[in-house]
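In what follows, every heavy atom counts, from backbone to side chain, and hydrogens, waters and symmetry copies are set aside. Numbered from 1 within each chain, the chains take letters A, B, ... in sequence-line order.
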Amino acid sequence: MIDLKYLQNNFEEASAKLQKKGVETATLEKLQILFTSLKEANATLESMKAEQNSMSKLFGQYKREGKDISELKAKVDANKEAMVPVQEKAREAEEALYAVALAIPNFPDDSVPEGADEEDNVEQRRVLEPRSFDFKPKEHWELSEINGWIDFERGVKLAKSRFAILKGEASRLERALINFFLDMNREKGFEEYSVPFINNATMLQGTGQLPKFGDDLFKIEDEDLYLIPTAEVPLTNMYNDEILSEKELPLLMTGYTPCFRKEAGSAGRDTRGIIRQHQFNKVEMVAIAHPDKSEEVFDLMVKNASDILTALGLPHRVVELCGGDLGFSAATTIDLEVWLPGQNQYREISSISNTRDFQARRAKIRFKDGKKNRLVHTLNGSALAVGRTIVAIMENYQNEDGTIEIPEVLKKYM
RNA sequence: CGGGAGAUGUCAGAGUGGUCGAAUGUGCCGGUCUUGAAAACCGGUGAGGGUAAUACCUCCGGGGGUUCGAAUCCCCCUCUCCCGGCCA
């Protein structure tokens, strides 16, 4: 959630920032009005409560002294009755405020480039030269057919469209990649965790998926539980509603989980192959950092993800997302896009974001800064998306006959 | 899933209608003592809102109720522990 006090005191600046993300000023004006009316309602209610409290104290005193309480009782009853509508108003004001506030995206950093969509993202650098082929490289789903690696039909039979089965060497490659990623992350100081793949609504709200993006989640029937769309949710929320000590920061975490996404808005995109599935595996990095240090943690995470791709010999580019392409919770995001010769384009394989204090405010993650409690910064990034790495290996390591070489660093894992 | 017990500050744990945001111990921070450390002793130390700062308001698992007044009484829910059932 954004800082409402900041919005109130610096309205022009705040609304200019959010314009980068396409939030209309009218929405923010509405939010500001709701915030003001909540404060007013609370002020009225609290003074009435104060009066009620002090009269109640008197009540006890009168009784002890054997005084007549009938007049006091009449006053206290009247005040109590008068409080009912005020209380209702305050409750409504709060509900109305949070309904709007929780749907406002994070402020982008000042450094974030202007732009409407991915067309306006800014390429920072390329790593590794794409290999030149003396034959026409195939797409991964064609290669899958030749090697019998992916069973799309039976995946659909088991669940529905956009579910697939990996077979034999492909399945072992997947397992090898997960281990390789976890080992690389651990070497950089990320502690490994194995977490629940189902989280409750409070946690989903903490990281920003709820309430606005409930349609993208698989919900467990009759339970307050959801399949996680990313390990960012459990890893970040491990510290939900906690106060950390400054010396334990930064907390660097990594974990492998499957990710479940309805992707309600993606009909028709990447329908062929395993680029976009309802279930995919991912190894995630999450960091909880001191607000003054989150920048360097962010750089570490970007470097780590890029180093993993380099170790695998996969050409990629580093792209800074523009305001319009930035996710809901992110203040700044770097995407790593891997080269897919079959598709003849770069495709996202990792997304690394600093959410600043946006998730921390929602999830109430703080640390002791001397005597005061301050919000931490939370960061997350893939290292890496496993399914898309398989696609990248297939397309980059293919031979003319359609067979696929296994990258050197993975051989000891298979 | 059935039976029983419970949920209070970092943790342990007292508190059964007003004097309780809450004893005591522990942890943590600061100090005295010490060459230094430990021990001992002294002081400080929950969270959120509100304010220029006070005042003030809210929070004793969550929600509702009784009462002038609820950590304390009543109802519902969740979770934890023990016993049994089932089970990787």
Would you classify K364(A) as touching base, sugar-phosphate or nothing, given that sugar-phosphate means primed atoms plus P, OP1 and OP2, and contacts are heavy atoms under 4.0 Å?
-> nothing
For atom C1', what is the distance between U10(B) and G44(B), given to the nearest Å?
-> 16 Å
Pick from F107(A), F35(A), F11(A): which one makes a ring pair (Phe, Tyr, Trp, His ring centres under 6.0 Å) with Y6(A)?
-> F107(A)
Can F260(A) and F280(A) be said to form a ring pair (Phe, Tyr, Trp, His ring centres under 6.0 Å), step by step?
-> CA-CA 7 Å; F260(A) 302 91; F280(A) 61 95; 8.7 Å; no
Nearest-Å distance once atom C1' is located in both C60(B) and G46(B) | 11 Å
Who does A39(B) pair with, Watson-Crick or G-U, both distances under 3.5 Å?
-> none
Length of the CD-P vector between E246(A) and C28(B), whole Å = 17 Å
Rounded to whole angstrom units, what separation is found between the CD1 atom of I365(A) and the P atom of A47(B)?
-> 17 Å
The answer to which of N373(A) and K247(A) contacts RNA chain B further toward the 5' end, by nearest nucleotide, is K247(A)
Could you run through nucleotides 60-81 of chain B and give me one letter per nucleotide, 5' to 3': B if any protein heavy atom sits under 4.0 Å from the base, S if only the sugar-phosphate is that close, - if neither?
-> --------BS------------
N354(A): side chain to side chain donor-acceptor pair (under 3.5 Å) partners, not counting sequence neighbours = S294(A)
Taking the same atom, C1', in A53(B) and in G43(B), what whole-Å distance lies between them?
-> 24 Å
What nucleic acid atoms does I243(A) come within less than 4.0 Å of, heavy atoms only: base, sugar-phosphate, or nothing?
-> sugar-phosphate
C1' atom, C57(B) versus G21(B): distance in rounded Å?
-> 13 Å
F367(A) CZ to C28(B) C1', straight-line distance once rounded to whole Å = 17 Å
Taking only residues two or more places apart in sequence, or in another chain, which ones meet E295(A) in a salt bridge (charged side-chain N to carboxylate O under 4.0 Å, His left out)?
-> R356(A)
Counter-base of A71(B), judged by Watson-Crick or G-U geometry with both distances under 3.5 Å | none
Which residue pairs satisfy the side chain to side chain donor-acceptor pair (under 3.5 Å) criterion with at least one member in residues 83-98 of chain A, sequence neighbours excluded?
-> E88(A)-R91(A), R91(A)-E95(A)
Separation of atom CD in E40(A) from atom P in G50(B), rounded to whole Å | 14 Å
Report the base-pairing partner of A5(B) (Watson-Crick or G-U wobble, both distances below 3.5 angstrom), or none.
-> U80(B)
Approximate separation, where rounding is to 0.5 Å, of H316(A) NE2 and L384(A) CG = 9.0 Å
Taking atom C1' in both G63(B) and A7(B), compute the distance separating them and give it to the nearest angstrom.
-> 16 Å
Could you list, one pair per line, each protein nitrogen or oxygen that sits under 3.5 Å from a nitrogen or oxygen of nucleotides 51-57 of chain B, together with the distance?
{"from": "C57(B)", "atom 1": "OP1", "to": "N53(A)", "atom 2": "ND2", "distance (Å)": "2.8"}

Roughly how far, to the nearest 0.5 Å, is the CE atom of M394(A) from the CD1 atom of I404(A)?
-> 4.0 Å
Taking the same atom, P, in G27(B) and in C1(B), what whole-Å distance lies between them?
-> 42 Å
Rounded to the nearest 0.5 angstrom, the CG-CD1 distance for L314(A) and I393(A) is 6.0 Å
Using the C1' atoms only, state how far C11(B) lies from U26(B), rounded to an integer number of Å.
-> 7 Å
Measure from CD on E94(A) to C1' on U58(B) and round the result to the nearest Å.
-> 11 Å
Tell me the partner of G17(B), counting only Watson-Crick (N1-N3 plus N6-O4 or O6-N4) or G-U wobble (N1-O2 and O6-N3) with both under 3.5 Å; none if nothing fits.
-> none
Taking any strand in view, what nucleotide pairs with U45(B) in a Watson-Crick or G-U wobble way, both distances under 3.5 Å?
-> G27(B)
Give a yes/no answer on whether the side chain of R366(A) brings an N or O atom under 4.0 Å of OP1 or OP2 in A47(B).
-> no
What is the distance from CG of L45(A) to C1' of G49(B), rounded to the nearest Å?
-> 12 Å
Can you tell me, in whole Å, how much space there is between the P of G64(B) and that of A71(B)?
-> 15 Å
Which pairs with one or both residues in residues 158-180 of chain A pass side chain to side chain donor-acceptor pair (under 3.5 Å), sequence neighbours excluded?
-> E174(A)-N281(A)
Only one of K364(A), R362(A), R361(A), R366(A) passes salt bridge (charged side-chain N to carboxylate O under 4.0 Å, His left out) with D241(A), and that residue is R366(A)
Nearest 0.5 Å please: distance from the CD atom of E40(A) over to the OG1 atom of T44(A).
-> 7.5 Å
Between G49(B) (C1') and L38(A) (CG): distance, integer Å | 10 Å
